[in-house]
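Keep in mind that what you see is a predicted model, and the values were worked out from it rather than measured. Counting starts at 1 for both ligands and their atoms, following the listed order.
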Amino acid sequence: MKLIDPHNPPALPDLEIYYEPEFIHPNRSEQLYNYLLKEVRWQHDKIRVFGKEYDQPRLTALYAKKGLSYGYSGIRMASHEMLPEMRLINRRLQKEHQQTYNAILLNLYRTGADSNGWHSDDEPELGKNPSIASISLGERRIFQMRHKQHKEMRFKFWLETGSLLIMSGSTQHHWQHQLPKTSKAIGQRINLTFRYLIDQSTKG
Ligand SMILES: O=C(O)CCC(=O)C(=O)O
Ligand SMILES: [Fe+2]
């Protein structure tokens with residue numbers, strides 16, 4: 001798969017990605033990483049894929065506005081209240097990218113054996129054309145993308161520590177992404193994905 005510079009993404013159909021390498025300053029990203037590793041209430045869920053149960057190959061946690069939950073792969077995650085550091089980042093995303101998010105799904109990849117398989121973030125509570133802002137801390141990992149209809153349209157890039165990736169427009173309709181395993185001995189990585197969840201409890 002072709003390695004690209006995400007700062008200069010290829011002009012491909014239905015693809016809207018924005019990448020900023022040092023959204024979190026290098027000094028700050030180590031601090032933030034250690035803080036989140038310790039303070040986040042990491043959980044290890046089982047997921048259901050084609051009727052079979054598996055241990056998810058990573059730890060996760062959901063922090064969101066009170067009352068919101070998030071369901072995917074046969075699980076529904078209860079949420080915790082956002083930590084002050086999370087609110088600060090959320091406010092920056094609002095100010096610098098004019099995006100409103102009310103939930104953060106966090107992932108902890110403990111080793112190179114932890115991963116996140118091919119998927120689109122297209123759950124009903126995300127609505128149509130969601131904007132998803134993803135922040136990376138700790139070990140850098142490869143991120144792959146492929147078009148759902150045109151399988152030859154695929155590429156990968158590094159998600160560096162402190163970086164911000166925003167996927168928006170119709171990207172989730174037409175593209176899938178994954179964070180593959182690696183056999184290399186590497187450190188842990190924390191990922192925060194900011195999302196806007198439509199409150200399902202108020203929908204008829
Ligand atoms: O860890 C990553 O960078 C990807 C996370 C992701 O795709 C997700 O949580 O939906
Ligand atoms: Fe995703």
Between Arg141 and Trp158, is NZ or CZ placed under 6.0 angstrom from the six-membered ring centre and within 45° of the ring axis?
->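 Judged by the rule (NZ or CZ under 6.0 Å from the ring centre, within 45° of its axis), Arg141 is not positioned above Trp158.
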Can you tell me which residue and heavy atom of the protein come closest to [atom], and the distance to 0.1 Å?
atom	result
atom 3 (O) of ligand 1	Arg189 NH2, 2.8 Å
atom 9 (O) of ligand 1	Asn107 ND2, 2.9 Å
atom 6 (C) of ligand 1	Asn116 ND2, 3.4 Å
atom 1 (O) of ligand 1	Tyr109 OH, 2.6 Å

Can [X] be said to touch ligand 1, with heavy atoms closer than 4.0 Å?
X	answer
Gln172	no
His119	yes
Gln178	no

Can you tell me which portion of [X] lies within the under-4.0 Å heavy-atom range of ligand 1? Options are side chain, backbone, both, or neither.
X	result
Ile132	neither
His177	side chain
Arg195	side chain

For the residue pair Trp175 and Phe155, categorise the inter-ring angle as parallel (less than 30°), tilted (30 to 60°) or perpendicular (more than 60°).
-> tilted
Look at the aromatic rings of His97 and Phe23 and report parallel, tilted or perpendicular, splitting at 30° and 60°.
-> tilted
What is the name of the N/O/S atom in His177 that sits closest to the Fe ion (ligand 2)?
-> NE2
What atom name does the N, O or S atom of Asp121 nearest to the Fe ion (ligand 2) carry?
->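 Atom name of the closest N, O or S in Asp121: OD2.
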Main-chain N/O of Asp121 paired with Gln172 side-chain donor or acceptor, under 3.5 Å = yes
Where the side chain of His44 meets the backbone of Gln56, is there a donor-acceptor pair that is under 3.5 Å apart?
-> yes
Short list, please: which atoms of ligand 1 are under 4.0 Å from a heavy atom of [X]?
X	value
Asp121	10 (O)
Leu159	3 (O)
Asn191	1 (O), 2 (C), 3 (O), 5 (C)

Side chain to side chain donor-acceptor pair (under 3.5 Å), paired with Arg58, selected from Asp114, Asn191, Asn107 = Asn107
Are Tyr70 and Tyr72 close enough that their ring centers fall under 6.0 Å?
-> yes
Check whether the ring centres of His7 and Tyr19 lie less than 6.0 Å apart, and answer yes or no.
->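 No, ring centres 6.0 Å or more apart.
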Can Ile17 be reached from Ile166 by stepping across I, L, V, M, F, W or Y side chains whose heavy atoms are under 4.5 Å apart?
-> no
Looking only at distances, please establish whether an N/O atom of ligand 1 is found under 3.5 Å from an N/O atom of Ser136.
-> no
Should Gln43 and Leu59 count as side-chain neighbours, where that means a heavy-atom distance under 4.5 Å?
-> no
